[in-house]
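Below: one structure, written as structure tokens.
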Amino acid sequence: MLNEINISAAQFRKLVTLYSIGSTIIVVPAAITADAHQDAWIASLFGVASGIGLVLLFTSLGKMFPTLTLMEMNEKILGKLFGKIVSAVFVLSNLFISSQVLYYVGNFLQGIEVVIAILWFITLFFKLCIYFYATLLGVANVFHIKDYTLFSFPVAFIMITLSIIVYPSIFYQKT
């Protein structure tokens with residue numbers, strides 16, 4: 001038997017807001033601009049107004065029927081058969097739209113994958129330089145050495161050797 005899971009209004013608001021922002025950033029600008037061209041701002045305003053209208057509609061339905069789910073509300077308001085049809089269309093359209101957004105997110109991430117990889121390597125280089133410099137200063141401080149440049153090659157050799165011994169392959173790391 002399935003346990004009944006309820007989410008709070010704040011959790012629902014966060015879920016809807018994050019989903020809306022994510023799809024708005026990735027999907028909507030290209031689709032609207034492709035069809036509306038320079039009048040895309042009018043279509044965007046119409047979309048926002050209709051979205052606010054739907055939120056107000058669902059909020060008022062939730063207040064009128066606080067104990068019913070959306071599917072039960074559809075059956076109660078529209079009748080048994082038509083309510084089931086509307087509920088099925090609602091679920092299937094949300095499933096289709098969610099898979100479409102997932103496809104667009106995948107394409108978006110593929111497009112920025114190269115940029116992220118480059119930034120990751122640059123960040124990794126700077127981190128390694130900072131760690132190496134901190135290690136040199138730490139060794140010089142522990143052994144009271146004023147000129148740490150003499151030990152830069154041996155410390156670098158030890159750090160590289162230990163990193164190869166500790167993690168010989170990326171598959172050894174636990175995630």
Side-chain angles (χ1 to χ4, degrees), residues 2-52 54-55 58-59 62 91 93-175:
L2 293 173
N3 294 334
E4 187 175 323
I5 299 173
N6 293 324
I7 62 172
S8 67
Q11 290 172 329
F12 180 71
R13 183 177 59 246
K14 289 175 188 173
L15 184 68
V16 169
T17 302
L18 290 174
Y19 180 79
S20 300
I21 289 172
S23 60
T24 301
I25 290 172
I26 294 173
V27 177
V28 174
I32 288 179
T33 309
D35 291 335
H37 302 293
Q38 63 264 42
D39 295 332
W41 66 275
I42 297 171
S44 297
L45 287 178
F46 180 73
V48 168
S50 61
I52 290 172
L54 283 173
V55 168
F58 287 132
T59 304
V91 168
S93 66
N94 278 323
L95 183 65
F96 175 73
I97 291 169
S98 297
S99 63
Q100 190 177 21
V101 168
L102 185 62
Y103 169 76
Y104 287 137
V105 167
N107 283 344
F108 177 74
L109 291 177
Q110 272 184 334
I112 65 169
E113 186 174 297
V114 174
V115 175
I116 289 175
I118 291 170
L119 291 174
W120 185 76
F121 281 115
I122 290 171
T123 305
L124 181 66
F125 173 75
F126 281 115
K127 283 182 179 180
L128 288 175
C129 289
I130 291 170
Y131 294 153
F132 176 68
Y133 184 67
T135 304
L136 274 178
L137 290 180
V139 168
N141 192 16
V142 166
F143 293 112
H144 303 290
I145 301 169
K146 293 187 186 232
D147 187 20
Y148 60 86
T149 57
L150 295 172
F151 295 99
S152 60
F153 181 74
V155 169
F157 182 74
I158 291 170
M159 285 179 68
I160 291 171
T161 306
L162 286 177
S163 68
I164 290 172
I165 291 171
V166 172
Y167 291 110
S169 173
I170 194 72
F171 296 114
Y172 282 57
Q173 295 180 2
K174 293 183 181 178
T175 55

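Here the OG1-CD1 distance, from T123 to I118, works out to 11.5 Å after rounding to the nearest 0.5 Å. In this structure, the separation between CG on D39 and CH2 on W41 is 8.0 Å, given to the nearest 0.5 Å.
Pairing each heavy atom of F132 with each of S152, the nearest pair is CZ-O, 3.3 Å.
The environment of Y131 atom OH is sparse: at most 12 non-hydrogen atoms of other residues, nucleotides or ligands sit within 6.0 angstrom.
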